[in-house]
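In what follows, a single structure is set out as structure tokens and then discussed.
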Amino acid sequence: MPELPEVHTTAQNLNKILPGLKIKDVWSDYFSDLYEGKQQVKNKKYFQRFKKDVVGAKVKRVLRRAKNVLIELSNGKTILIHMKMTGHLLYGRYLLRKNSPKVGKIPENWNKEIWIPDESKESPLWDPYNRFIHITFSFSNGESLVLSDVRKFAKVAIFDSDKIFEFNDLKKIGPEPLEESFKFLNFKRQVLKKPNGKIKQVLMDQEIIAGIGNIYSDEILWLVGVHPVSPVSKIPSEVLKKIFLAMKKVLKKGIDFGGDSTSDYRTPDGKRGSFQYHHRAYQKTGSDCSKPKCEGKISKIKIFGRSAHFCATHQKLFS
DNA sequence: ACTAGCCCCTGGGAGC
DNA sequence: TGCTCCCAGGGGCTAG
């Protein structure tokens with residue numbers, strides 16, 4: 001699922017490609033999940049308005065804030081895309097087909113419109129995980145930006161660029177963990193806003209720190225040897241410092257590996273990232289702990305409706 | 001103000 | 001082989 005490193009990789013790659021390109025058309029089969037400002041776009045009428053705001057504009061730049069991709073347009077509007085769990089953005093030459101040939105496991109009786117890559121079957125864009133395309137932006141150069149999202153949780157919205165930080169999506173988001181200016185004291189102040197909160201939950205709280213989700217929080221806590229349910233206020237300051245440093249390290253590592261493709265995430269050229277091959281805790285339930293000299297095993301528990309993976313042997317519970 | 005829990009969604013994997 | 005059931009979970013929302 002796209003967290004900071006995945007969204008960062010996507011936004012950075014797109015920022016090398018999209019600026020200067022003019023949006024020629026927008027297509028979607030996904031009206032219920034398009035938004036215009038605060039207004040949820042529930043029908044075609046709103047989609048037409050979204051389309052009107054977008055078509056004809058040029059892309060100025062693409063950036064990331066928390067787990068959102070922001071596409072700034074030349075007309076004072078910004079498209080916000082939150083990929084949630086299974087969404088990912090792809091860029092390439094795409095064709096709209098009706099009664100299309102089968103792609104992956106799409107049923108034979110499929111008779112809807114479908115976008116398929118106009119590329120050789122060797123192209124990573126043909127990866128079966130890339131076939132759930134629910135919105136496309138076609139550019140005047142003949143290429144398209146498409147959102148593939150099997151579970152349809154992704155959010156696409158449009159805002160006035162100068163007001164975008166006034167809306168809830170971005171208003172209350174905490175600081176960016178990889179900013180040079182984000183120092184330990186800021187981190188400490190942030191997490192201590194939830195003194196009774198469990199450390200894993202607090203790390204994942206977007207209002208405390210932006211961009212960390214389930215995978216990276218598991219990996220950070222494994223690395224520093226802190227049990228995920230430890231309340232923040234019980235963790236000694238020097239251990240919080242270790243968490244802070246591990247957070248920067250693990251997130252950077254995620255970026256270096258091109259993100260995590262445990263699930264559906266792909267880079268805009270359709271390729272997998274490789275952080276999933278370096279997990280120590282996330283989805284390693286039952287495996288031997290890989291920390292040197294540790295003889296524990298990775299367990300899984302549910303906290304706050306999410307799974308947490310950790311080694312009960314070397315991850316210390318502060319309480 | 002807080003938190004626990006439901007909801008959205010659907011492919012894939014496990015079990016029979 | 002094919003059916004059913006359960007799981008993945010970010011973030012919005014509601015009930016307590």
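A quick note: this is a predicted structure, and the numbers were derived from the prediction, not measured.
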Picking from B:dA4, B:dG12, B:dC9, the nucleotide nearest the side-chain atoms of A:Lys198 would be B:dA4
Short side-chain N/O contact from A:His82 to OP1 or OP2 of C:dG10, under 4.0 Å: no
Does A:His227 have its ring centroid less than 6.0 Å away from the ring centroid of A:Phe318? no
Separation of B:dA1 C1' from A:Lys194 NZ (nearest whole Å): 9 Å
Using only side-chain N and O atoms of A:Lys152, determine if any of them is under 4.0 Å from OP1 or OP2 of B:dC7. no
If the cut-off is 4.0 Å, is A:Gln206 near the phosphate of C:dG11, judged by side-chain N/O to OP1 or OP2? yes
Can you check the A:Tyr282 OH to C:dA8 C1' distance for me, whole Å? 7 Å
Between A:Tyr129 and A:Phe153, is there shared hydrophobic-cluster membership here, with clusters defined by ILVMFWY side-chain heavy atoms closer than 4.5 Å? no
For A:Lys302, report the nucleic acid contact type (base, sugar-phosphate, nothing); a contact means any heavy atom under 4.0 Å. sugar-phosphate
Check for me whether the distance between the ring centres of A:His314 and A:Trp222 falls short of 6.0 Å. yes
With distance as the sole criterion, is a donor-acceptor pair present between the side chains of A:Asp149 and A:Thr86 under 3.5 Å? yes
For A:Phe257 and A:Tyr277, I'd like to know if the aromatic rings sit close, meaning centre-to-centre distance below 6.0 Å. no
Given atom CG of A:Leu80 and atom C1' of C:dG10, what is their separation to the nearest angstrom? 14 Å
Starting at atom OH of A:Tyr216, determine the distance to atom C1' of C:dG10, rounded to an integer number of angstrom. 16 Å
What does the inter-axis angle of the helix from B:dC2-C:dG16 to B:dC16-C:dG2 come out as, five pairs per end, nearest 10 degrees? 50°
What's the CD1-P distance between A:Ile209 and C:dG11, to the nearest Å? 14 Å
Among B:dT3, C:dG9, C:dG11, which nucleotide sits nearest the side chain of A:Met85? C:dG9
I want to verify a distance call: between B:dA4, B:dT10, C:dG11, whose nearest atom is closest to the A:Gln201 side chain? B:dA4
Looking at every strand, decide which applies to A:Met83 at a 4.0 Å heavy-atom threshold: base, sugar-phosphate, or nothing. nothing
Grab the CD1-P distance between A:Ile81 and C:dG10 for me, whole Å please. 19 Å
Under 4.0 Å: is that the gap between some side-chain N or O of A:Lys67 and OP1 or OP2 of C:dG11? yes
Assess whether one donor atom and one acceptor atom, taken from the side chain of A:Arg306 and the base of C:dG11, lie less than 3.5 Å apart. yes
Nearest-Å distance for atom pair CZ/C1', residues A:Phe153 and B:dG11: 12 Å
Less than 4.0 angstrom between a side-chain N/O of A:Ser263 and OP1 or OP2 of C:dG9, yes or no? no
Lys/Arg-Asp/Glu bridge criterion (N-O < 4.0 Å) met for A:Lys253, A:Glu219: no
Expressed as a whole number of angstroms, how long is the span from A:Lys84:NZ to B:dT10:P? 15 Å
Using side chain to side chain contact (heavy atoms under 4.5 Å, CB included) as the criterion, point out the one residue from A:Val69, A:Ile81, A:Asn68 that pairs with A:Val7. A:Val69
